[in-house]
Amino acid sequence: MKKSLVIIAIAFLIISCNKTAEVASTKTAYVDTSKLMIEYTEAKDIEAKYKVKSEEMGRELQAEIAKFKAEAASFQKDAQMNGQAWAQQKGAELQKREQQLQYAQQSIAQQLQQESGVEIDSVVSGVKKFIKAYGKEKGYAYIYGTGDSASILYAEDKYDITKELIKLLNDKYKSSKSEDKKDAPAADKKK
């Protein structure tokens, strides 16, 4: 009976040691997702695109706002000369116009936010797929994410693969853009 207990204990220790060795050899890494999205060229391009679009859409609105401000300034001068009834009517018109301008600003902001959100979501999805493929290729058991929605509170810097992934993603994006440019002249010639 003692021999069987000793054999069971030894077998248990061997199995435990194998599990410990297996866990110790598990390959893990982490990515600072905030840094990745800040330094990823495709994300930068999308941000720049929507900044330009916002400025373009905002120019027209800014002209309307400037015109409104000029009318509001002259309203205060004219109100004393034209009487209370005129001032009330013109004030109501100006108030209505101010609300329309505010709605227009909000509408532009919402439109840009929705459009850019769709593109950013697509980029995030692509990055996740890339990281998954990268992890499989490199033999990682786990790749954790840190950043704004941190799931890791501490990790040694030697496990940080953020810079490597940024370089690979930017190279991939750059090559896809150059392929698009090569394809564009061929498409133009067909027309």
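Under the side chain to side chain contact (heavy atoms under 4.5 Å, CB included) criterion, Gln95 pairs with no residue, sequence neighbours left out. Under the rule for a side chain to side chain contact (heavy atoms under 4.5 Å, CB included), the partners of Thr41 that lie at least two apart in sequence or sit in another chain are Asp45, Asn170, Tyr173. Residues passing the side chain to side chain contact (heavy atoms under 4.5 Å, CB included) test with Lys49, sequence neighbours excluded: Glu119. Looking at residues two or more places apart in sequence or on another chain, you find no salt bridge (charged side-chain N to carboxylate O under 4.0 Å, His left out) involving Glu164. Judged as a salt bridge (charged side-chain N to carboxylate O under 4.0 Å, His left out), and not counting sequence neighbours, Lys35 has no contacts. In this structure, the salt bridge (charged side-chain N to carboxylate O under 4.0 Å, His left out) partners of Asp171, at least two apart in sequence or on a different chain, are Lys167.
Met37 and Ala43 make their closest contact through O-CB, 3.4 Å (heavy atoms, listed as atom of the first residue, atom of the second, distance). When every heavy atom of Thr33 is checked against every heavy atom of Thr146, the shortest pair comes out as OG1-O, 2.6 Å. Nearest heavy atom pair, residue Ile143 against residue Gly135, reads CD1-CA, 3.6 Å.
Distance check: Ile46 CD1 to Ile120 CD1 gives 4.5 Å after rounding to the nearest 0.5 Å. Between the CD atom in Gln102 and the CD atom in Gln105 there is a gap of 7.0 Å [rounded to 0.5 Å]. Taken from CG in Leu61 to CD1 in Ile108, the straight-line distance is 4.5 Å, to the nearest 0.5 Å. Ser54 contributes atom OG, which lies 11.5 Å from atom CD of Glu47 (distance to the nearest 0.5 angstrom). Atoms NZ and CG, from Lys163 and Leu168 in turn, are 14.5 Å apart once rounded to the nearest 0.5 Å. Distance check: Lys177 NZ to Ser175 OG gives 11.5 Å after rounding to the nearest 0.5 Å.
Using modelled atom types, no side-chain atom of Ser116 and backbone atom of Tyr50 make a donor-acceptor pair closer than 3.5 Å. At least one donor-acceptor pair closer than 3.5 Å links the side chain of Thr162 to the backbone N or O of Asp32.
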Exercise. So Tyr144 and Tyr142, ring-ring contact (aromatic ring centres under 6.0 Å, His included) or not? Walk me through it.
Worked result: CA-CA 6 Å; Tyr144 301 99; Tyr142 300 98; 5.7 Å; yes
For this session: Tell me, with the steps shown, if Glu71 and Arg97 meet salt bridge (charged side-chain N to carboxylate O under 4.0 Å, His left out).
Result: CA-CA 11 Å; Glu71 282 183 40; Arg97 198 146 151 242; 2.9 Å; yes
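Between Gln114 and Gln110, the side chains place no donor N or O within less than 3.5 Å of an acceptor N or O (distance only, hydrogens not considered).
In this structure, the side chains of Gln100 and Lys96 come closer than 4.5 Å at one or more pairs of heavy atoms. Under the 4.5 Å side-chain criterion, counting only non-hydrogen atoms from C-beta, Ile65 is in contact with Gln62. Side-chain atoms of Ile38 and Leu36, non-hydrogen and from C-beta on, never get closer than 4.5 Å to each other. Inter-residue side-chain proximity for Val123 and Tyr40 is flagged as met; some heavy-atom pair is nearer than 4.5 Å. Under the 4.5 Å side-chain criterion, counting only non-hydrogen atoms from C-beta, Tyr30 is in contact with Asp160. Residues Lys90 and Glu93 are in side-chain contact: their nearest non-hydrogen atoms beyond the backbone lie under 4.5 Å apart.
Within 6.0 Å of CZ in Phe130 there are more than 12 heavy atoms belonging to other residues, nucleotides or ligands. More than 12 heavy atoms of other residues, nucleotides or ligands sit less than 6.0 Å from atom CD of Glu55.
A salt bridge links Glu115 with Lys53: at least one charged nitrogen is closer than 4.0 Å to a carboxylate oxygen.
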